[in-house]
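What follows is a set of notes on a single structure, which appears directly below.
Every value quoted in this text rests on a predicted model; they were computed, and no experiment measured them.
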Number of protein chains: 2
Amino acid sequence: MTAPREAILEFLSTSSKHMSAKEIYTSLQKKYPGIGLSTVYRTLNLLARMGIVTKLLLGDGQSRYEFKSKGKSGHHHHLICTNCGIIIDYREFFEEELQLVRKTEEKLAKKYKFMIQDHNIEYLGLCEKCKLKY
Amino acid sequence: MTAPREAILEFLSTSSKHMSAKEIYTSLQKKYPGIGLSTVYRTLNLLARMGIVTKLLLGDGQSRYEFKSKGKSGHHHHLICTNCGIIIDYREFFEEELQLVRKTEEKLAKKYKFMIQDHNIEYLGLCEKCKLKY
DNA sequence: TGCCTTATTGACATTGATTCTCATAATCAA
DNA sequence: TTGATTATGAGAATCAATGTCAATAAGGCA
Ligand SMILES: [Zn+2]
Ligand SMILES: [Zn+2]
Ligand SMILES: [Zn+2]
Ligand SMILES: [Zn+2]
């Protein structure tokens, strides 16, 4: 763990969610001048490969990253407005939902001989504001 | 519906899945020379906005598109190898999953005042081959 | 049918996020 | 220290996707 990496990880783990690489880079300049954009990208990819952060692909032209906090309180899925791009983290799973995910993972692992490591579930639609404007 | 649009839609609806814009463009050149790459992109975005094709963001640097065939036999979710990128469409555990998706949609719609239009569910892991090489 | 308005097309240029390159600097185990 | 190894930062390069714009095509109407 080097200083730039710690700075990035520390920032991600305390910041609000779903930041782009450039947003992270800019935010870090204030407290950590001199850090390079390349390092931000490299570190984010590294942390993603290590399973410490999640890389989100939301179709707005840039990847977004969020710290993957452990435990039930951290894990969540996304509700995304296809018009304005707002992202809502929701954690109100049905017990059934967790059970089903586990069961599906098992079945898929067996049938397709995959080693399943993660899942993404997202719902897309229009948020309260964008609903009105169609 | 113009000729280029029909060509793209016809191609997508009969081709194998998950094609990138450039792959679609190249494939069409054979049967439909003269079609422009811009037109391919414009048409894919149009069809995606119309809900006729699905735009997939898989993190390999380019969007992929698949025809969204109606009915239970068409709708599916994805199992993706994070190492080699292979994508498996799975359709089998559908009844339970569909019920749960509907129930979750209702709950989210009410709580967050969203109008939910679609969902993505994907499982990530290592495929049979990539499992061995870690 | 012929005319006119509007939408679409294709070639090309441009943008912009991400990755690459490479010389310098930090890390770490003897 | 010392030398081998890895990480860094500045800038260049890549390349998917979008924008521009003149030329075409579509579609409505007399
Ligand atoms: Zn919105
Ligand atoms: Zn989130
Ligand atoms: Zn694989
Ligand atoms: Zn598919």
Is the backbone of A:C127 close enough, under 3.5 Å, to the side chain of B:K113 for a donor and an acceptor to pair up by distance?
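Not at all, since once roles are kept as given, no pair shorter than 3.5 Å links the two residues.
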For the residue pair A:E66 / A:T54, report whether a side-chain donor-acceptor contact shorter than 3.5 Å exists.
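No pair is found: no donor N or O on one side chain lies under 3.5 Å from an acceptor on the other.
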Side-chain H-bond candidate by donor/acceptor type, B:H78 with B:N120, under 3.5 Å
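Short answer, no.
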What's the shortest heavy-atom distance between A:D89 and B:Y112, and which atoms?
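That would be O-OH, 4.1 Å.
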Could you tell me which non-hydrogen atom of A:G74 sits nearest to which non-hydrogen atom of A:R91, and how far apart they are?
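Smallest heavy-atom distance, with atoms named: O-NH2, 3.6 Å.
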Is any side-chain N or O of A:T2 closer than 4.0 Å to OP1 or OP2 of C:dT27?
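For A:T2, the contact criterion (side-chain N or O under 4.0 Å from OP1 or OP2 of C:dT27) is not met.
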Within this structure, what is the [atom1]-to-[atom2] distance between [X] and [N], rounded to whole angstrom?
X: A:L28; N: D:dT8; atom1: CG; atom2: P; value: 13 Å
X: A:M1; N: D:dT6; atom1: CE; atom2: P; value: 17 Å
X: A:K22; N: C:dT19; atom1: NZ; atom2: P; value: 13 Å
X: A:Y32; N: D:dG9; atom1: OH; atom2: C1'; value: 11 Å
X: B:L57; N: D:dA16; atom1: CG; atom2: P; value: 15 Å
X: A:E23; N: C:dG16; atom1: CD; atom2: P; value: 15 Å

Proximity to DNA chain C (any heavy atom under 4.0 Å), residues of residues 59-66 of chain A only
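Output list: A:G61, A:Q62, A:S63.
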Quick one: are B:L57 and B:S63 in side-chain contact, heavy atoms under 4.5 Å?
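Yes, close enough: below the 4.5 Å cut-off.
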Flag side-chain contact, heavy atom, 4.5 Å: A:L124 against A:L79
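They are not in contact (no side-chain heavy atoms under 4.5 Å apart), so the answer is no.
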Fit a plane to each ring of A:H75 and A:H119, take the angle between them on a 0 to 90° scale, and name the class: parallel (under 30°), tilted (30 to 60°) or perpendicular (over 60°).
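Taking A:H119 first and then A:H75, their aromatic rings stand perpendicular (interplane angle over 60°).
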Take the angle between the ring planes of B:Y123 and B:Y90 and call it parallel below 30°, perpendicular above 60°, tilted in between.
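Aromatic pair B:Y123/B:Y90 classed tilted.
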Is there a residue in residues 37-54 of chain A whose heavy atoms reach under 4.0 Å of DNA chain D, and which residues are they?
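Per residue number, the list reads A:S38, A:T39, A:R42.
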Using a heavy-atom distance cut-off of less than 4.0 Å, which residues of residues 3-10 of chain A contact DNA chain D?
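Per residue number, the list reads A:P4, A:R5.
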Does a sphere of radius 6.0 Å around NZ in A:K131 hold more than 12 heavy atoms from other residues, nucleotides or ligands, not counting ones at 6.0 Å or beyond?
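For A:K131, atom NZ is crowded (more than 12 foreign heavy atoms under 6.0 Å).
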Taking ILVMFWY side chains as joined if any heavy atoms are under 4.5 angstrom apart, and letting links pass through other members, which residues group with A:M19?
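Its cluster partners, ordered by chain and number, are A:M1, A:I8, A:L9, A:F11, A:L12, A:I24, A:Y25, A:L28, A:Y32, A:I35, A:L37, A:V40, A:Y41, A:L44, A:L46, A:L47, A:M50, A:I52, A:V53, A:Y65, A:F67.
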List the atom pairs, donor and acceptor, that lie under 3.5 Å between side-chain atoms in residues 98-111 of chain A and the rest of the protein, sequence neighbours left out.
{"unit_1": "A:K103", "atom_1": "NZ", "unit_2": "B:E96", "atom_2": "OE1", "d": "3.1"}
{"unit_1": "A:T104", "atom_1": "OG1", "unit_2": "A:L100", "atom_2": "O", "d": "2.7"}
{"unit_1": "A:K111", "atom_1": "NZ", "unit_2": "B:E92", "atom_2": "OE2", "d": "2.6"}

Are B:F114 and A:I80 linked, directly or through intermediate hydrophobic residues, by side-chain heavy-atom contacts shorter than 4.5 Å (ILVMFWY only)?
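Per the 4.5 Å side-chain linkage, A:I80 and B:F114 are not co-clustered.
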Based on the rotation axes of five pairs at each end, what angle does the helix from C:dT1-D:dA30 to C:dA30-D:dT1 bend through, to 10°?
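End-to-end axis angle for the helix from C:dT1-D:dA30 to C:dA30-D:dT1: 40°, rounded to 10°.
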